[in-house]
Amino acid sequence: MAQKENRNESGKDDCSTEEGGREKKPELNTTFADHFEPSERESALYQLWEKSGAFSFDAPVSEESGSSTKDPFVICMPPPNANGELHLGHSYGYSIMDTLGRYHRAQARPVLLLPGKDHAGIQTQVVFENRLRATGRDLSTSTREQLYDECYAFCMDRAQYMRAQEKQLGLSADWEREFFTLDPRLSNVVFETFVRLWDDGLIYRGKRIVNWSVLSGTAISDVEVDRKEVEGTLTYIRYPFASPVTAPKFKEIDLPEGSQLLSAGGGLWVVVGRQEITAATVLRQGEGVDSSLICVEAAKLSKDSAVKKVLSELSVPDEALQVAQALSQCVAAGGGFIATLVAQFDPSEGLVTATTRPETMLGDTALAVHPKDPRYAHVVGAAVVVPLIEREVKVIADNRVEIAFGAGVVKVTPAHDFLDFDIGETHGLPVIQVIGTDGRMTEEAGAYKGLEARECRKRVVADLEAKGLVEKIEKIVHKVPIAERSKDIIEPLISEQWFVAVDDKKHSLKGRALELLQSGKIDIHPPHFRKEFEHWLKNLRDWNISRQLWWGHRLPVWYRDQAGEMETKVSIEVPSGDGWRQETDTFDTWFSSGQWAFTTLAACGELDMQTGKAAKGAFPSECMVMGRDILFFWACRMLLLTAYRMDEVPWKSIYFTGLIRDEHGQKMSKSKGNGIEPGEIIKKFGSDALRVGLLFGTTPGNDVNMGEGKISGYSKFINKLWNAAKLLQMRTLGDCQSACPPPAQIRSDAAVWIVAEVCRVRAHVRHLMDTYQLGQALSELYGFTWDTYCDWYLEVVKVLTKESASPDTAALAELRWAAQYSFGSLLEMLHPFLPFLTEEIYQQLPGLGTAPTLCQAAWRPDPKQVSFESASGQRSTDAMVRVIEVVKAIRSSKVSLGGLGSGIRVALNTDPLSEEGERLVQELGRVQLVKPAEISADRAVAQVFARGVILFDHPDRAGFATKLSKEATSLEENIERLEKRLASDFAARAKPEVVAVEREKLQVAKQTLSRLSEELKALAR
RNA sequence: GGGCGUAUAGCUCAGUUGGUAGAGCAUCAGCCUUACAAGCUGGGGGUCACAGGUUCGAGCCCUGUUGCGCCCACCA
């Protein structure tokens, strides 16, 4: 008893004892520091979590929320490349995943955030080789095995560093289940997949054109190719005909009346007039056009035909300005014109083709023109001679040739150009490889053999010039393919590679994947990415999975010479017998990471690959969080391979994040220097601030603009919450060592109100979190914490804990319970977003919950003891809302009345307030409440608000009248609008509840207006 | 050329079944108010890109136009 007394005393005495010395800073009953210092506390808090075992998938599930048979929440987190460090994009993804993980853990679900690192084939090999070279090491002296082992160690080292960064961010991953993509436990499953694909006939080996990086000596995938604009030259080379070709002759006639002849460049012309020019029509000489003229394509110019469209129909380049202008004029003149593309052609000297890579001509096996090109219609099928190498090849027609580019003739080099390779396949052309994998000219290049490609280019041009076969050389800016990692120019060439057939007739991998996707088994956030996903999947082409690298999984393929024959076996283990040697190619890194969704779970025993069963239900995992930029190469492939191996989707939902940009929406890059290092931000503002900065207001799929200003702004929130805790500790919770029991009956309107508010927000936040609307949830919590909780509830707490308050122990107990309940709930809800700060507060304020750490705490249920939803409870909540409205109205009025000071007298003409309510109105509104009659008529000023009228005891009535009449006008307008609406079809057609709402609004507005008018009348007297 | 997105306050962005537009920052006015001046109170500011359509009613749905952006392919 005495103890209890003491507690009550000290709770309020601390404030009152210092009453005398105002300038002296009072001794606060707090252990809280002035500010939360993230850098000092974060690592200790993380250790606390790790020690608690809460991050483990095996952690016991909190029993507070009922059944323990809840589905697990599993994310196999995308493994970052183990060759560097984390960037802001990683922080973003991790923030989302960790927030989801912590949220679901708090819903009493078993949670597995499975971490990992990717070996990242070519990227790592390039990074690692550069490092070795930087130390002066000669790589040729090392064996493949040596390099592999050293690189493995290097990756382990980087992985450790990155793991530390992940922990710094607060990532609540299950570190016991962390994997590296080259881990043998995973690799075996990867190899198995390959073997099965092979057995199913879905793997083939073939000579294909690939992107070849000479520097790294490997083929690289399309997605690892960047394009860079460089200045180059376009060389026009003449290929003489093998035997003379004659052009057809046409008779000459005049241009039709009113026609215009316009040059479109490249020997092409456009005639614009009222009638079409036909093939039989030939333009007269003297107009700059030679005699042999062929006409083709015509396009009508009507009112709604855009000039650009006509130009493209005619295959005229947009740059043909003169033509464009003329066409515009014709369109403006009302249309009805016809534009006809015509051409001149002089075939005697052979065909001219343009190229940026003259050296590849040595491998030409055809020339190609567009089948509709008027200039070359008659030469299709003719033979031309490839100069220098003196090879006779045919002219073919293919609609992939663009009429408008260069001379409209393409030299076809199937071995060294992707388009040419395709054209070659269509037309059955031979493939002649003149550039080797070492970047030097091959045997096929004849006299040029052994030259480097660049050198050969110069020699070829010089030799052609000597023969007079170079028409002209233009400078052009064009994009050349360069290797994303090694930065050298890609040389497309033919090489033997391993492929996965993705659309096999018997067993279509992409077909099955597409089925699963379209079955709706995967929730996609944002939803519109489904279309894009399908689009990519549909357009997937056979997948080259081999790389000529030493870093990665070596293909489980074995060779040996057997009596002069090459024997090939595909198996995980070395086949029995002697003389087997393993394929040297390694897998494309996406082949292994494409199986991440099940290899990881299999490796940690959560998935049985034989039966496909996951005992604890970890597969398929709940969610995948992925940057939208890798949808194509990762999401597609993961779905493809998981569908194949498991006949199941890899995840139940996929969340695509946008990209992180700088504050001006620019891409972050080292060269621009606008990048943000997550480590620096954490050092400066703390992990919580970074997380909030990244998550606030984000929506799936949309890019996030990030600047330091945004983070420093949100770091204010951390201070705010810290101070809220400090206040509660000082005012009411400082003496609570454990949770206060809920009172049997709650008398305080404020207590019911805040608890009800918290429950309402919790329901809403749950909904938002369950539907992956993290940004919305955070924003909701932020607003609630700041506006409702701090600016109203804590102010209320201050009033109710003032020393002048009656020492009512029951009331105090009630207050403490409400404070603990509401603040504990708030911390629980904020914890997924701000884990460190909330945990620190939780640790410092005992009694906020029963779990040893907030990270393990399940969200508390709505209090059963308090039936705030009952009729009486609802009234109580209403009562507090009324108090708030009154105070707001008073404050607002005071400002508009010219800043009435504090302590003025105010009377309320509304429903009576409770004792507590009156006290709150007086304290928070800084007024003295009196009865209406006590305010003398000549000093009364009335302010109408939604619930009634406030009478102010104030002499200045004149200025106020203007304001009142303004309000009246706006009310009248509002009423008019509402009445008009209710008189319209609206009343009959809209939903009844909507109509009712509008009626209610009208009634309130009318009542308010009538009160307002009365007050105005009174003022006028 | 193919696919997709986006346009809302001065800036950065929310706005999920269609019901009279929101936040943060910035700005203006007023506050030392014993948790926080990294704070508090109040205010101003928007024909929701443009043009049509569906609907009683459109920021939201449909069509078209324009600007910006992303991804893929491509410039021989």
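All values below were derived from every heavy atom in this structure, side-chain atoms included, with hydrogens, water molecules and symmetry-related copies excluded. All chains are named by letter (A, B, ...) in the order of the sequence lines, taking the proteins before the strands, and each is independently numbered beginning at 1.
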Picking from B:rC71, B:rA38, B:rG3, the nucleotide nearest the side-chain atoms of A:H535 would be B:rG3
For B:rC40, does OP1 or OP2 lie under 4.0 Å from any side-chain N or O of A:K720?
-> yes
Give a yes/no answer on whether the side chain of A:K726 brings an N or O atom under 4.0 Å of OP1 or OP2 in B:rC36.
-> no
Determine the contact category for A:T699: base if any of its heavy atoms lies under 4.0 Å from a base atom, sugar-phosphate if only primed atoms, P, OP1 or OP2 are that close, otherwise nothing.
-> sugar-phosphate
Say you pick atom P in B:rG53 and the same atom in B:rC60; how far apart are they, in whole Å?
-> 14 Å
By salt bridge (charged side-chain N to carboxylate O under 4.0 Å, His left out), which residues pair with A:K710, not counting sequence neighbours?
-> none
Considering only the C1' atoms, how many Å lie between B:rA21 and B:rG15, rounded to the nearest integer?
-> 9 Å
Rounded distance in Å between the C1' positions of B:rA58 and B:rG52 = 13 Å
Atom C1', compared across B:rG67 and B:rC50: separation rounded to whole Å | 10 Å
Quick one: sort the A:Y655 and A:Y772 rings into parallel, tilted or perpendicular, breaks at 30° and 60°.
-> tilted
Contact nearer the 5' end of RNA chain B, comparing A:A725 with A:V704 | A:V704
Please check the phosphate of B:rA35 (OP1 and OP2 only) for any side-chain N or O of A:R731 closer than 4.0 Å.
-> yes
Could you tell me whether A:R661 contacts a base, only the sugar-phosphate backbone, or nothing, with contacts defined as non-hydrogen atoms closer than 4.0 Å?
-> sugar-phosphate
Got a sec, which pairs hit side-chain hydrogen bond (donor to acceptor under 3.5 Å, both in side chains) with one end in residues 524-536 of chain A, sequence neighbours left out?
-> A:H535-A:N539
Fit a plane to each ring of A:W590 and A:W634, take the angle between them on a 0 to 90° scale, and name the class: parallel (under 30°), tilted (30 to 60°) or perpendicular (over 60°).
-> tilted
At under 4.0 Å between heavy atoms, what does A:W786 touch on the DNA or RNA strands: base, sugar-phosphate, or nothing?
-> sugar-phosphate
Compare the minimum distances between each of B:rA76, B:rA38, B:rA35 and the side chain of A:K716, then state the nucleotide with the smallest one.
-> B:rA38
Side chain of A:Y782 (C-beta onward), nearest among B:rC40, B:rA76, B:rG24 = B:rG24
Check every strand shown and say whether A:K531 touches a base, only sugar-phosphate, or nothing at a heavy-atom separation below 4.0 Å.
-> sugar-phosphate
Between B:rG45 and B:rC71, how far is it from one P atom to the other, in whole Å?
-> 40 Å
Could you tell me whether A:T356 contacts a base, only the sugar-phosphate backbone, or nothing, with contacts defined as non-hydrogen atoms closer than 4.0 Å?
-> sugar-phosphate
What nucleotide, of B:rU33, B:rU41, B:rG24, holds the atom closest to the side chain of A:R926?
-> B:rU33
Indicate, with a heavy-atom threshold strictly under 4.0 Å, whether A:D703 touches base, sugar-phosphate, or nothing.
-> nothing
Using atom P of each nucleotide, how far apart are B:rC11 and B:rU47 to the nearest Å?
-> 13 Å
